[in-house]
There are 2 protein chains.
Amino acid sequence: MTDTARTSPVTLHDVAREAGVSLATASRSLNGSTRNVKAANRERVLEAAERLGYSANASAQAVARGTTTTVALLVGDIADPYFSSIAAGVVGAAEDHHLVVTMAETRRDTAREVEMVRALRGQRPRAIILAASRRLGDPHAAALAEELAKYEAGGGRVVFISTVDAPFRMLHVDNAGGAQALGSELAAMGYREVAILAGPGDGAEVMPLRTSEDRLTGFREGLASHGVDVPASRVISTAFTRDGGYEGMQQLIGTFGSDLGGIDLVFAVNDVMAVGAMSAARDAGLVPGRDVAVAGFDDIPTLRDVTPRLTTASLPLERVGEEALALALAEEPGSPALLEAEVAIRESTPGR
Amino acid sequence: MTDTARTSPVTLHDVAREAGVSLATASRSLNGSTRNVKAANRERVLEAAERLGYSANASAQAVARGTTTTVALLVGDIADPYFSSIAAGVVGAAEDHHLVVTMAETRRDTAREVEMVRALRGQRPRAIILAASRRLGDPHAAALAEELAKYEAGGGRVVFISTVDAPFRMLHVDNAGGAQALGSELAAMGYREVAILAGPGDGAEVMPLRTSEDRLTGFREGLASHGVDVPASRVISTAFTRDGGYEGMQQLIGTFGSDLGGIDLVFAVNDVMAVGAMSAARDAGLVPGRDVAVAGFDDIPTLRDVTPRLTTASLPLERVGEEALALALAEEPGSPALLEAEVAIRESTPGR
DNA sequence: GATGTTGCGGAAAGCGCTCTCCACCCTAGG
DNA sequence: CCTAGGGTGGAGAGCGCTTTCCGCAACATC
């Protein structure tokens with residue numbers, strides 16, 4: 001019976017002995033190799049395994065087979081709904097393929113990202129999926145690329161989500177296109193005096209996030225197609241977080257006064273920033289949606305219930321995760337996939 | 001130089017050969033064992049490793065050392081901010097210990113949970129942390145306990161977050177106490193006619209979630225201490241999700257009419273449900289906070305900006321994750337830790 | 001009966017590491 | 001001069017598996 005006093009896991013050897021067969025037969029019975037095992041023997045092995053509570057040592061299998069069942073996912077911040085939604089997609093899809101996913105966090109620090117990749121590389125994952133946002137002209141980009149190249153040289157696969165073109169498998173999210181459509185639609189609704197809360201980076205000292213940049217540029221183009229221009233003085237650089245949005249709006253109010261100097265629409269480059277911005281407006285006595293329209297980007301499900309309901313560009317984040325895994329597993333990378341954003345006009349931009 | 005054509009990872013053997021030393025010396029140089037290596041040799045090894053882009057094979061190390069650097073985390077739903085906050089805490093703390101965390105999702109299905117544990121067990125993680133919510137009288141509980149017992153018999157550690165007492169390391173979250181304090185305070189503020197949106201399970205067909213049950217009971221006790229009673233007809237069983245909250249409120253409105261028959265406070269057993277409930281109220285023409293007060297539980301950061309700001313019991317979720325890991329790593333389990341919730345009264349319950 | 005075929009079990013050689021043990025060199029002490 | 005002992009390198013066993021290869025038996029074919 002089960003040896004309750006043991007303190008190290010049951011091995012295949014134990015099972016084989018218990019079943020009275022060889023290691024080879026036990027192995028073949030438990031993982032359905034190409035080779036057949038006589039039913040009687042397989043039966044005995046399965047029983048013995050069950051009785052002993054055997055569970056194959058994945059590390060040993062990995063060493064013997066030369067391949068693991070692991071996929072690594074690197075995100076900026078797990079608690080951020082943007083990343084956790086993507087993670088949910090990856091984990092869900094991974095499970096369908098009987099893969100285990102290991103996660104790490106860059107904490108939005110691009111130097112750490114290189115370290116994390118180095119650490120993850122040791123796991124010999126089938127693929128490394130990078131969902132952490134990249135910066136333009138990042139000084140660590142070269143180091144990252146080098147580390148990833150080494151990983152690929154060892155047979156690994158690298159998938160990048162939403163970023164600059166890189167010599168790896170790419171999953172593009174249509175930030176620019178979505179933002180453009182959003183900008184165009186809002187301009188058509190009559191908004192003329194627009195301010196933008198962009199992500200961090202002024203282009204000089206700190207480099208901007210690629211995602212933020214794409215959304216900023218796209219949005220401006222969308223507005224421009226209706227003859228609306230956003231002067232540089234109305235583009236605020238701030239953190240890519242809720243607090244960043246809050247502070248950005250505060251800054252706007254500080255600069256232009258509590259009537260915002262006629263600004264009728266504030267576009268934040270992501271939903272959590274937009275929500276922070278609404279709070280700041282409210283705290284300054286403005287009613288979002290009435291005194292100033294606000295729009296975001298992403299369409300985070302958890303934020304679906306904020307009031308007024310947020311106009312945004314809807315991104316299928318779980319699907320992004322699923323597609324990323326599919327891309328990682330595909331034999332041939334194919335052309336870079338593009339996931340589109342869909343404009344969702346809601347009460348936070350009632351129109352003028 | 002780096003062999004760019006290779007397709008299988010660089011091994012320690014390669015490094016040793018490149019450096020002109022033995023496998024043993026290479027191993028000792030690269031991981032700082034107890035044994036000394038002459039500086040010159042270590043230097044050569046480090047250089048060779050760098051040049052070849054070597055990264056130690058974690059699986060092989062695990063097999064050789066008989067121990068991994070992995071911790072497994074099992075959550076109900078990664079995209080749910082409750083779980084992702086805990087996950088962030090675990091991942092953050094794990095990193096400080098140079099551990100990698102692998103995540104799996106039960107999708108709130110308790111049968112799947114057993115399977116997931118079985119799969120994770122193969123990884124031989126140092127610990128398995130279970131954050132997935134458990135049900136009272138779960139028919140799969142026995143199977144789960146058995147699977148976990150097997151894992152522990154193999155030297156693994158199991159940590160349970162927020163649940164029934166079980167013969168494993170426990171991290172208790174003070175759901176009952178927090179709910180009681182919240183109930184008491186709200187009763188003191190004058191609320192008398194209360195309805196509760198509880199989690200799923202009617203106690204007969206479907207078993208209730210332990211978390212939900214604790215919060216329900218605690219809240220009732222808190223009210224009772226001020227002489228306020230909640231009749232069973234005002235306790236709605238619904239899904240533990242945003243949609244569950246929405247439907248629960250709809251049901252309340254359907255039953256008691258659009259004035260809610262005098263109900264002045266609705267307590268939802270978690271924040272996402274509360275937010276869903278507010279939306280349902282709004283969609284029915286009620287103004288949350290004015291026509292009906294709403295309270296939640298958890299204090300999810302992402303939901304900090306909903307309006308009216310949500311009264312809730314604040315749980316330090318990231319800390320829960322950190323403590324869970326600490327508990328997993330501790331030599332001696334010690335007495336079950338208890339993490340307290342703090343009442344946060346905000347505008348969604350202005351008082352009467 | 002000799003000669004293939006299959007079908008299946010087991011021995012053993014790896015997989016990429018760690019770590020024990022032994023060998024060797026050098027210095028110090030007698 | 002010899003011996004003891006500390007420091008260091010390397011051979012090789014072993015971790016828990018997979019998988020190749022060999023051998024044996026049972027059966028079909030001529």
Side-chain angles (χ1 to χ4, degrees), chain A residues 6-46 48-49 52-70 121-125 154-156, chain B residues 6-46 48-49 52-70 121-125 154-156:
Chain A
R6 78 157 58 232
T7 177
S8 66
V10 179
T11 70
L12 185 59
H13 192 87
D14 299 329
V15 175
R17 184 162 19 76
E18 176 87 5
V21 299
S22 76
L23 227 49
T25 301
S27 170
R28 291 198 267 250
S29 303
L30 288 168
N31 70 10
S33 81
T34 36
R35 284 279 305 268
N36 265 348
V37 173
K38 219 189 340 186
N41 275 332
R42 188 181 32 248
E43 212 49 43
R44 297 174 53 116
V45 172
L46 262 36
L52 298 180
Y54 173 74
S55 159
N57 183 324
S59 295
Q61 290 184 314
V63 171
R65 298 206 245 244
T67 163
T68 64
T69 62
T70 299
R121 200 148 77 79
Q123 308 286 125
R124 301 285 185 274
Chain B
R6 78 156 60 232
T7 176
S8 65
V10 178
T11 71
L12 185 60
H13 192 87
D14 299 329
V15 175
R17 183 160 20 76
E18 177 87 5
V21 298
S22 76
L23 227 47
T25 301
S27 171
R28 292 197 267 252
S29 304
L30 287 168
N31 69 10
S33 81
T34 36
R35 284 277 307 266
N36 265 349
V37 173
K38 219 188 346 184
N41 275 332
R42 187 178 37 246
E43 213 48 42
R44 297 174 53 114
V45 172
L46 263 35
L52 298 180
Y54 173 74
S55 159
N57 182 324
S59 295
Q61 289 184 315
V63 171
R65 297 206 245 243
T67 163
T68 65
T69 62
T70 299
R121 199 148 78 79
Q123 308 285 127
R124 300 286 185 276

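Chain letters run A, B, ... following the sequence lines, proteins first and then strands; every chain starts at 1.
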Kindly indicate, with the supporting measurements, whether the criterion side chain to side chain contact (heavy atoms under 4.5 Å, CB included) is fulfilled by B:Thr70 and B:Arg124.
CA-CA 8 Å; B:Thr70 299; B:Arg124 300 286 185 276; over 6 Å; no
I'd like the 5' and 3' limits of the part of DNA chain D contacted by chain A, with heavy-atom contacts below 4.0 Å.
D:dG16 to D:dC21
Sole candidate of B:Val45, B:Thr25, B:Val37 that passes side chain to side chain contact (heavy atoms under 4.5 Å, CB included) when paired with B:Leu30
B:Val45
Compare all side-chain heavy atoms of B:Tyr54 with those of B:Asp14 and state whether any distance is below 4.5 angstrom.
no
Do B:His13 and B:Leu23 make a side-chain contact, defined as non-hydrogen atoms from C-beta onward lying under 4.5 Å apart?
yes
Whether each nucleotide of nucleotides 8-20 of chain C has a protein heavy atom under 4.0 Å at its base (B), only at its sugar-phosphate (S) or at neither (-) is summarised, 5' to 3', as BBBB--BBBBSBB
Please name all residues satisfying side chain to side chain donor-acceptor pair (under 3.5 Å) with B:Arg65, sequence neighbours left out, ordered by chain then number.
none
Closest heavy-atom pair and its distance - A:Glu18, A:Ala48:
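Closest pair (atom of A:Glu18, atom of A:Ala48, distance): CG-CB, 3.6 Å.
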Can you tell me how far NZ of B:Lys38 sits from CZ of B:Arg44, rounded to the nearest 0.5 angstrom?
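It comes to 10.5 Å.
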